[in-house]
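Single-structure report; data block below.
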Number of protein chains: 2
Amino acid sequence: MPTAVSDHYLMNKRTYNQFCPLAYSLDVIGDRWTLLIIRELMFGPRRYTDLQQGLPGIGTNLLAKRLKDMEAADIISQQKLPPPAASHVYTLTERGKSLQPIIMQLAEWGKPYLAEGFQSDDYFSTVSCMSALRMMFTPEKATGISATVDISRGSEAFFVQVHRGVLAVQTGLAPLADASVRFDDLKTLLMLIGNPATRQQAQASGMMTLTGDETVFDSLLGAFNLPV
Amino acid sequence: MPTAVSDHYLMNKRTYNQFCPLAYSLDVIGDRWTLLIIRELMFGPRRYTDLQQGLPGIGTNLLAKRLKDMEAADIISQQKLPPPAASHVYTLTERGKSLQPIIMQLAEWGKPYLAEGFQSDDYFSTVSCMSALRMMFTPEKATGISATVDISRGSEAFFVQVHRGVLAVQTGLAPLADASVRFDDLKTLLMLIGNPATRQQAQASGMMTLTGDETVFDSLLGAFNLPV
DNA sequence: CCGAATCCTTATTGATACTG
DNA sequence: CAGTATCAATAAGGATTCGG
């Protein structure tokens with residue numbers, strides 16, 4: 001009964017009650033966690049538990065509520081996965097995808113605060129890392145580099161490919177990767193981009209595990225630039 | 001002692017604890033009311049009570065807290081007014097002003113929700129009205145129009161000037177206005193833009209009071225277009 | 001395991017009254 | 001005017017439970 005969802009959305013929701021497009025926007029996406037949920041969906045569909053992983057601290061009841069509200073507002077939709085996986089995923093609708101430029105601008109605006117002083121125990125979401133890699137990619141440094149590397153942490157994985165000056169960052173494992181790296185904290189990857197020479201030290205200290213072609217991984221690091 | 005303010009900011013504030021520029025943005029401007037406060041400051045400095053008027057429902061304690069947090073985050077600043085007015089105002093800092101494009105995009109994104117179905121008791125903030133007028137101004141329709149009109153509601157006032165195809169919307173009263181209109185609800189002004197022929201009816205019903213040159217006011221209405 | 005629903009505690013907010 | 005103080009109403013956070 002879809003009416004129940006709509007009713008829930010229309011009835012028990014706090015609103016600014018202002019005749020103003022900004023206020024209406026905020027009524028829809030201004031609640032705590034909402035924009036971060038959308039960020040988590042920006043690289044493709046995610047399951048409920050994937051979202052929980054990417055958003056530590058959200059609390060399962062709140063995540064469920066947000067997902068319902070967002071579905072009622074038509075910014076995400078729930079989709080069933082084909083038979084093998086007896087599960088379903090959440091996806092951005094067109095309306096949800098249209099928030100991407102806003103999210104990018106907000107991220108750009110927030111960079112100084114992050115740079116000024118982040119807490120060492122800050123969680124680095126997989127999606128946030130993928131997004132960061134896209135931003136740090138430097139085409140001029142990528143000439144001659146051809147590398148496909150799987151990156152994983154815990155049960156999450158994505159891969160990065162640089163080939164002929166083109167970057168691809170995607171969820172999941174690459175069909176044919178040159179190397180695989182595993183981190184406990186993805187911030188280690190940023191550290192390596194800033195200082196590639198510390199790779200062996202990172203391996204020795206157990207901060208990362210690298211299998212496959214090490215030189216390809218090193219060359220991949222060269223295609224990125226840590227923002228000053 | 002500015003340290004006290006900073007301490008307050010750093011210490012008792014809920015944060016996402018995510019290494020992500022978007023999360024840091026939202027730590028700063030993601031709280032309820034914050035972006036609407038910034039909207040209220042977009043047309044220039046405002047006093048505490050002005051802000052209260054533009055944000056019905058905020059509660060004075062919360063407004064005070066937000067203002068402190070925003071000052072600590074360097075997006076607004078408090079300024080003393082010169083002697084005659086024994087008062088002070090809040091202004092956007094450069095960092096605060098740099099949020100303007102984001103706010104505009106958010107407003108653009110929210111338009112459909114507003115158009116679909118707004119509540120008739122929604123409050124139409126003066127600032128929101130000023131902003132709407134800017135968006136609805138249609139230069140092609142403004143040729144030949146020269147009008148300066150004061151607009152007021154309650155204790156708030158601003159003026160609109162169209163001259164040689166240029167629009168100016170500013171807080172306060174114009175030094176030399178052709179006409180003055182007063183509304184109980186500024187949505188009436190939008191109605192007049194959509195249907196200028198209803199002006200006399202609006203006056204007769206007491207929804208608006210018009211003094212000065214009526215034909216100039218009518219010509220002014222012609223310079224705007226209600227979005228379809 | 002996945003995807004929540006429930007219960008309970010804490011934090012934030014909203015409304016009102018009050019003060020320098 | 002420009003806030004504080006107080007207190008009730010909500011929302012968020014955390015742990016546990018429960019049905020596919």
Side-chain angles (χ1 to χ4, degrees), chain A residues 4-5 8-9 11-18 26-27 30-37 40 45-71 76-81 83-91 123 154-156, chain B residues 4-5 8-9 11-18 23 26-27 29-37 40 45-71 76-81 83-91 123 154-156:
Chain A
V5 174
H8 170 269
Y9 170 60
M11 287 177 56
N12 90 45
K13 198 152 196 300
R14 182 187 270 174
T15 155
Y16 286 111
N17 263 287
Q18 288 218 13
L26 295 175
D27 280 341
D31 284 334
R32 192 166 165 78
W33 295 109
T34 302
L35 280 180
L36 290 185
I37 293 172
E40 287 296 306
R46 290 283 188 282
R47 289 172 306 175
Y48 190 87
T49 39
D50 298 331
L51 295 173
Q52 279 188 303
Q53 275 203 56
L55 304 166
I58 192 179
T60 174
N61 53 347
L62 190 51
L63 177 55
K65 181 183 193 313
R66 288 286 183 271
L67 291 172
K68 267 180 203 147
D69 289 344
M70 291 165 75
E71 193 176 358
I76 64 169
S77 73
Q78 220 185 49
Q79 302 194 330
K80 299 224 175 300
L81 249 47
S87 175
H88 59 261
V89 292
Y90 295 92
T91 323
Y123 177 76
S155 60
E156 298 185 282
Chain B
V5 175
H8 170 269
Y9 170 61
M11 285 177 57
N12 85 47
K13 196 151 198 300
R14 182 188 268 173
T15 154
Y16 287 111
N17 263 287
Q18 288 218 14
L26 296 174
D27 280 341
I29 53 143
D31 285 334
R32 191 165 167 77
W33 294 110
T34 301
L35 280 179
L36 290 185
I37 293 171
E40 286 297 305
R46 288 284 187 284
R47 290 172 306 175
Y48 190 86
T49 40
D50 298 331
L51 295 173
Q52 278 188 302
Q53 276 203 57
L55 304 166
I58 191 177
T60 175
N61 54 348
L62 189 52
L63 176 56
K65 182 186 192 311
R66 288 287 181 272
L67 291 172
K68 268 181 202 145
D69 288 344
M70 291 165 75
E71 192 175 1
I76 64 170
S77 73
Q78 219 184 46
Q79 301 193 330
K80 299 222 175 301
L81 248 45
S87 174
H88 60 259
V89 292
Y90 294 93
T91 323
Y123 177 76
S155 60
E156 299 183 282

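So you know, we letter chains A, B, ... as the sequences are listed, proteins then strands, and number each from 1. Atom set for the values below is all heavy atoms of this structure, side chains included, hydrogens, waters and symmetry mates excluded.
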Inset, instruction - Take atom CG of A/Leu62 and atom P of C/dT10, then tell me their distance rounded to the nearest Å. - result: 18 Å

Legend entry - Under-4.0 Å side-chain N/O to phosphate OP1/OP2 contact, A/Arg66 with D/dA12: yes

Inset, instruction - Indicate the atoms forming the closest heavy-atom contact of B/His88 with B/Gln79, along with that distance. - result: CB-O, 3.1 Å

Inset, instruction - Look at the side-chain N and O atoms of B/Lys68 and state whether any lies under 4.0 Å from the OP1 or OP2 oxygen of D/dT4. - result: yes

Inset, instruction - Record whether the side chain of B/Thr49 comes under 3.5 Å of the base of D/dA2 through a donor-acceptor pair of N or O atoms. - result: no

Legend entry - For atom CE of A/Met70 and atom P of C/dA4, their distance in whole Å: 14 Å

Inset, instruction - Ignoring backbone atoms, establish whether B/Arg14 has a side-chain N or O less than 4.0 Å from OP1 or OP2 of D/dA12. - result: no

Legend entry - Whole-Å distance separating the NZ atom of B/Lys65 from the C1' atom of C/dG14: 14 Å

Inset, instruction - Nearest whole angstrom, please: distance from the P of C/dA4 to the CZ of A/Arg46. - result: 17 Å

Inset, instruction - Looking only at non-hydrogen atoms, find the nearest pair between B/Asp27 and B/Tyr16 and report the distance. - result: OD1-N, 3.0 Å

Inset, instruction - State whether A/Ser87 places a side-chain N or O below 4.0 Å from either non-bridging phosphate oxygen (OP1 or OP2) of C/dG3. - result: yes

Legend entry - Which nucleotide in C/dT13, D/dT16, D/dC1 has an atom nearest any side-chain atom of A/Thr60: D/dT16

Inset, instruction - Search all heavy atoms of B/Arg32 against all heavy atoms of A/Thr15 and return the closest pair with its distance. - result: NH2-O, 3.8 Å

Inset, instruction - Compare the minimum distances between each of C/dA4, C/dG3, C/dG14 and the side chain of A/Ala64, then state the nucleotide with the smallest one. - result: C/dA4

Inset, instruction - May I ask you to verify if any side-chain N or O of A/His88 is less than 4.0 angstrom from the OP1 or OP2 atom of C/dA4? - result: yes

Legend entry - Side-chain N,O (A/Tyr48) to OP1/OP2 (C/dA5) below 4.0 Å: no

Legend entry - 5' priority, DNA chain D, between A/Arg32 and B/Asn61 [closest heavy atom]: B/Asn61

Inset, instruction - Return the value, rounded to whole Å, for the distance between atom NZ of A/Lys13 and atom P of C/dT13. - result: 15 Å

Legend entry - Basic-acidic side-chain contact under 4.0 Å: A/Asp31, A/Lys13: yes

Inset, instruction - Compare side-chain N and O positions of B/Trp33 against OP1 and OP2 of C/dT12 and report whether any pair is under 4.0 Å apart. - result: no

Legend entry - For atom CG of A/Leu63 and atom P of C/dA4, their distance in whole Å: 8 Å

Inset, instruction - Starting from P on C/dT13, measure out to OH on A/Tyr16 and report it in whole angstrom. - result: 9 Å

Legend entry - Under-4.0 Å side-chain N/O to phosphate OP1/OP2 contact, B/Gln78 with D/dG3: yes

Inset, instruction - Report the distance from atom CG of A/Asp69 to atom C1' of C/dA4, rounded to the nearest whole Å. - result: 15 Å

Legend entry - Distance-only side-chain donor-acceptor flag, B/Gln18 / A/Tyr123, under 3.5 Å: no

